[in-house]
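Shown below is the structure under consideration.
As the structure is a prediction and not an experimental result, all values here were calculated from the model. Reminder, nothing fancy here: chain letters follow the sequence lines and each chain counts from 1.
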Protein chains: 2
Amino acid sequence: MNVTIYDVAREANVSMATVSRVVNGNPNVKPATRKKVHEAIERLGYRPNAVARGLASKKTTTVGVIIPDISSIFFAELARGIEDIATMYNYNIILSNSDQNKDKEIHLINTMLGKQVDGLVFMGGDITEDHRQEFRNASVPVTLAATLDESMETPSVNIDFEDAAYEATNLLLSHSKRVAYVSGPDNTIVNTRKLNGYKKAMKEHGLGIDDELLATGDYSYDSGLEAAEQLLDLDERPSGVFVSSDEMALGVIHGFQDQGVRVPEDIEVFGFDNTRLATMIRPTLSTVVQPMYDIGAVSMRLLTKLMNKEEVEETNVILPHRIVERNSTNAE
Amino acid sequence: MNVTIYDVAREANVSMATVSRVVNGNPNVKPATRKKVHEAIERLGYRPNAVARGLASKKTTTVGVIIPDISSIFFAELARGIEDIATMYNYNIILSNSDQNKDKEIHLINTMLGKQVDGLVFMGGDITEDHRQEFRNASVPVTLAATLDESMETPSVNIDFEDAAYEATNLLLSHSKRVAYVSGPDNTIVNTRKLNGYKKAMKEHGLGIDDELLATGDYSYDSGLEAAEQLLDLDERPSGVFVSSDEMALGVIHGFQDQGVRVPEDIEVFGFDNTRLATMIRPTLSTVVQPMYDIGAVSMRLLTKLMNKEEVEETNVILPHRIVERNSTNAE
DNA sequence: CTGAAAGCGCTAACAA
DNA sequence: TTGTTAGCGCTTTCAG
């Protein structure tokens, strides 16, 4: 049997209430008593049972984190931001992978709520009405990290995807006119926003949208390789391509290079995210800096405020993004 | 207030014990009663409180996972293996980053035990006597994933690092004689093992250990870049270099290429781990396949057995590794 | 400043 | 097959 608060009380000749007070740093304890109790704790090797505490106090100091895939370099970085801030505020994290599968997502939300998490950070694809329904029933706060709820109902932390895509495309267009776009999976809100940014820039340059300049991938390296192939097959090759994730962009670059096409001399390539991969390729990748770590950190910080019922002025946070030009695009 | 088992009992006109039985799938319930209870549950939207259950049953169905850094591509893959198997056996995971900091590690072990996890998967650097002490006091099983305890006291899952390094070095030596080794941080057991493998191969080829052929990094891309620089500065450059992680190997390759040195024509490069990075570079990286996902999965599976008090024949599991030759080394 | 006592929501004997 | 009754280990009034 493990040693309980009761054992400590007996050992220290006080009541369990007093032990509870010193363990919880309640100031209403005479220093002498406090010392006595601490000694007893030490002697017995007492370690408070957080489960019992959770049941009695209705707080578990743990938050749930639902993530599409922790082995993705993108989400892992987000997770690190979340965990660091959680630790800072003395929370632990229950982490589960959803693979963006809606059923799994709903199921995970429920098991985590069953475990009485004090809050939830959710990352995924689109937020549907079903998701919102679950969040409303949650009785604990939820924040979204790098995830969009078009209804704006759920607190969230993101960047302005459309604007970021717009700027990236613009930069490419300032060099030449034929720029392609390699998107992520269709029909997700994020993708739509990015596509809108691309289209907007094209339009402003008096260019139409040429469907053969549009390729679709799944954010993976291999799908980038395929997109490159597709683009190279065109009668009139693009002069620049904007790719919606760094990992895919690496694929695109290698796909080009494997065919003897030089980057950026023959075709320029622009990425999105600025994961660590961006500097792990030659030429180094020009890309949109999406501050994943910060998005994770801010969404967790936001969650702590919500859990403390603090007032928050803005619940749908837009973090700044920026463009970094490296060697996969031509200098001015 | 949330709805409790008691509310359901009243709603269904049965005792809470019966509700508990149906919730837990106890077969000793008349089908009609079971149905009645299920309906009441549905009607009330009852969701069992896992914390109360944990307190009463002394099982939380959650396990702790201590990991150096979830944003590392290597550990993230391990974590995915752990989480998948945990999910399969109906456990959740509390995940925390230790940054290989011993104090943090010890602290995390304690908070997780305080949260009454049913077991612990630990990843880190070396296991010290202090670690072992904590594990012994744990009262729940612990397994190590890709982490060595020289005392063999703690159950673990690894590959044979020395042998893997030996094979990799041998392959390089079969092409030419001057092979360098870029190690991870000194003084860790894993690194010592790998170094021993390298030395053994050199010795068997009648070669001495030339200190200037030994570089040290920290597994990061940038430290690979630096190692390359150091190696290129040598009066007599190496003909091959064995690098103790893929990420560093990418750095080494780019460090070479940036100086106009061709890989593998001028210098061959061999990696370790076979992370996804290995195919995301040109030339693609020849490397040692360390099955990270499997190591995570097996260590979690081992933990479930230990938690169930099942007999396990081998508690220090060595998984097979293999060599994959790609384009950063010369074909035979 | 300290103690007594009533739960928190559930499981697990033990009876019936 | 079902109900009764103790707890699990801690927090939290409420008294004193």
Exercise for review: Measure from CD on Q116(B) to C1' on dG9(D) and round the result to the nearest Å.
Suggested key: 9 Å
Practice item. Summarise how protein sits on nucleotides 10-16 of chain C as a single string, 5' to 3': B when a protein heavy atom is under 4.0 Å from the base, S for sugar-phosphate-only contact, - for no contact. Key: BBBB---
Study note, to complete from the structure: Taken to the nearest whole Å, CG/D7(A) to P/dG9(D) is 9 Å
Check your understanding: Can you check whether S15(A) has a side-chain N or O nearer than 4.0 Å to OP1 or OP2 of dA4(C)?
Key ->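 Indeed not, no polar side-chain atom of S15(A) lies that close.
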Point to revise | Shortest side-chain distance from K30(A), nucleotide among dC8(D), dT2(C), dG3(D) | key: dT2(C)
Exercise for review: Verify the ring-centre separation between F122(B) and F135(B): is it less than 6.0 angstrom?
Suggested key: yes
Check your understanding: Does E42(B) pair with K35(B) as a salt bridge, N-O distance under 4.0 Å?
Key ->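 Salt bridge between E42(B) and K35(B), a charged N being under 4.0 Å from a carboxylate O: no.
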Exercise for review: Output yes when a side-chain donor or acceptor of E11(B) lies under 3.5 Å from a complementary backbone atom of A40(B), and no otherwise.
Suggested key: no
Practice item. Sort out for me which residue in L306(A), V317(A), N316(A), D149(A) forms a side chain to side chain contact (heavy atoms under 4.5 Å, CB included) with P155(A). Key: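 Among the candidates, only L306(A) passes.
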Check your understanding: Of all residues at least two apart in sequence or in a different chain, which pass the side-chain hydrogen bond (donor to acceptor under 3.5 Å, both in side chains) check with T61(A)?
Key ->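 side-chain hydrogen bond (donor to acceptor under 3.5 Å, both in side chains) list for T61(A), sorted by chain: K115(B).
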**Study point:** End-to-end axis angle, where each axis spans five pairs of the helix from dC1(C)-dG16(D) to dA16(C)-dT1(D), to 10°
**Key:**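 Inter-axis angle at the termini of the helix from dC1(C)-dG16(D) to dA16(C)-dT1(D): 30°.
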**Study point:** d(CG, L55(B); P, dG7(C)) in whole Å
**Key:** 17 Å
Practice item. Measure across E83(B) and S96(A) and return the closest heavy-atom pair with its distance rounded to 0.1 Å. Key: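 Nearest pair, atom of E83(B) first, then S96(A): OE2-OG, 3.3 Å.
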Check your understanding: Starting at CZ of R10(A) and ending at C1' of dG3(C), how long is that distance when rounded to a whole Å?
Key -> 16 Å
Exercise for review: Would you kindly give the NZ-to-C1' distance between K59(A) and dT11(D), to the nearest whole Å?
Suggested key: 12 Å
Review point. Base, sugar-phosphate alone, or nothing: which one does V51(A) contact when heavy atoms must sit under 4.0 Å apart?
Key: nothing
Check your understanding: Any Lys/Arg nitrogen of E129(B) or R132(B) sitting under 4.0 Å from an Asp/Glu carboxylate oxygen of the other?
Key -> yes
**Study point:** Smallest separation among heavy atoms of E105(B) and S98(B), with atom names
**Key:** CG-CB, 3.6 Å
Point to revise | Any K58(B) side-chain N or O less than 4.0 Å from OP1/OP2 of dG9(D) | key: yes
**Study point:** Nearest-angstrom distance from the residue atom CG of N26(A) to P of dC1(C)
**Key:** 10 Å
Check your understanding: Is any side-chain N of the basic residue among R301(A) and D84(A) closer than 4.0 Å to the acidic one's carboxylate O?
Key ->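 Result for this pair is no, no salt bridge flagged.
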